[in-house]
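Right, one structure below, let's go through it.
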Amino acid sequence: FIIISLIFLTSIYIINQYDFYADRFLSLYLSCLLILLEFSNIIIGYLAKYLRAHKSEPFYAISVLMGILYFGIISLLNFKYFKIDIIIILLNIVSWFVIVPLAIFIFKKFKLNYYEDTSYE
């Protein structure tokens with residue numbers, strides 16, 4: 001992910017140096033924000049895969065919540081009234097300050113309960 005992201009950001013930087021292509025691609029700043037947003041999804045994905053290995057699916061609620069929040073942000077703050085910058089920043093805020101902490105909380109709670117149930121005394 002890191003190598004591909006760096007290649008992508010380097011190519012965006014090079015493309016934005018030419019005026020002909022500058023208006024067809026996002027700026028380097030917005031591209032970094034989108035990569036940061038994707039990184040939060042990767043963290044959640046790894047936590048969910050670990051829990052799926054234990055035949056449990058507690059991240060289903062997070063997936064639904066994420067879909068509702070993202071759809072709400074994108075549809076309520078549509079592109080007519082707000083720039084793409086604000087929408088991407090709000091998606092990052094929701095992801096990093098709501099979804100990721102909730103995912104970590106559920107992961108820790110499940111892991112604690114799972115290992116308490118399987119310990120032999």
Side-chain angles (χ1 to χ4, degrees):
F1 175 76
I2 294 171
I3 294 171
I4 298 298
S5 297
L6 290 175
I7 292 170
F8 174 72
L9 290 175
T10 304
S11 61
I12 291 292
Y13 176 76
I14 292 169
I15 288 171
N16 280 333
Q17 294 302 313
Y18 300 104
D19 290 333
F20 179 70
Y21 294 113
D23 60 343
R24 297 181 185 203
F25 292 95
L26 286 175
S27 66
L28 189 62
Y29 170 69
L30 290 177
S31 299
C32 288
L33 285 177
L34 284 176
I35 288 175
L36 188 66
L37 181 64
E38 186 60 32
F39 187 67
S40 71
N41 289 332
I42 288 173
I43 291 172
I44 294 168
Y46 283 140
L47 295 175
K49 286 177 188 174
Y50 179 84
L51 295 183
R52 282 188 202 117
H54 296 290
K55 306 289 186 206
S56 181
E57 189 59 46
F59 276 43
Y60 175 72
I62 289 179
S63 177
V64 171
L65 177 67
M66 190 183 326
I68 291 170
L69 288 174
Y70 284 2
F71 178 74
I73 288 172
I74 291 172
S75 64
L76 292 177
L77 304 175
N78 60 19
F79 299 111
K80 284 184 188 176
Y81 307 111
F82 292 96
K83 290 184 176 183
I84 188 74
D85 306 0
I86 295 172
I87 294 173
I88 292 175
I89 290 170
L90 286 176
L91 288 175
N92 268 299
I93 288 171
V94 167
S95 181
W96 284 104
F97 294 109
V98 176
I99 303 296
V100 171
L102 184 62
I104 292 172
F105 172 76
I106 290 174
F107 177 78
K108 286 182 178 181
K109 183 179 174 186
F110 174 82
K111 192 173 175 183
L112 181 69
N113 290 339
Y114 180 78
Y115 287 114
E116 281 181 358
D117 291 343
T118 59
S119 64
Y120 297 105
E121 296 181 16

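One is the number of the first residue; the rest follow in order along the sequence.
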Kindly list each side-chain donor-acceptor pair under 3.5 angstrom involving residues 26-36, sequence neighbours excluded, with atom names and distances?
unit_1: S27; atom_1: OG; unit_2: L30; atom_2: N; d: 3.3
unit_1: S31; atom_1: OG; unit_2: S27; atom_2: O; d: 2.9

- Would one find more than 12 heavy atoms of other residues, nucleotides or ligands at under 6.0 Å from atom CD1 of I3? no
Side-chain atoms of residues 59-68: list all donor-acceptor pairs with protein atoms under 3.5 Å, sequence neighbours left out, distances to 0.1 Å.
none

Between P101 and S95, the two heavy atoms sitting closest are CD-O, 4.4 Å
Smallest heavy-atom separation, A103 atom then I44 atom, equals CB-CG1, 4.1 Å
(Q) Determine whether L51 and L47 satisfy the following criterion, side-chain contact (heavy atoms from CB on, under 4.5 Å), listing intermediate values before the conclusion. (A) CA-CA 7 Å; L51 295 183; L47 295 175; 5.9 Å; no
**Prompt:** Considering only heavy atoms from C-beta outward, does the side chain of I99 approach that of S40 to under 4.5 Å?
**Reply:** no
key: Minimum side-chain heavy-atom gap I93-I89 below 4.5 Å   = yes
Next on the checklist: Assigning hydrophobic clusters by single linkage (Ile, Leu, Val, Met, Phe, Trp, Tyr; side-chain heavy-atom cutoff under 4.5 Å), is I4 placed with L37?
Outcome noted: no
Would you kindly confirm whether V98 and F71 end up in one hydrophobic cluster when ILVMFWY residues are joined by side chain heavy atoms under 4.5 Å apart? no
Residues, nucleotides or ligands: over 12 heavy atoms within 6.0 Å of F39 CZ: no
CZ (F105) and CG (L102) are apart, to the nearest 0.5 Å, by 8.0 Å
Indicate every side-chain donor-acceptor pair of residues 5-13 with a distance under 3.5 Å to a residue at least two apart or in another chain.
unit_1: S5; atom_1: OG; unit_2: F1; atom_2: O; d: 2.7
unit_1: T10; atom_1: OG1; unit_2: L6; atom_2: O; d: 2.7
unit_1: S11; atom_1: OG; unit_2: I7; atom_2: O; d: 3.2
unit_1: S11; atom_1: OG; unit_2: F8; atom_2: O; d: 2.7

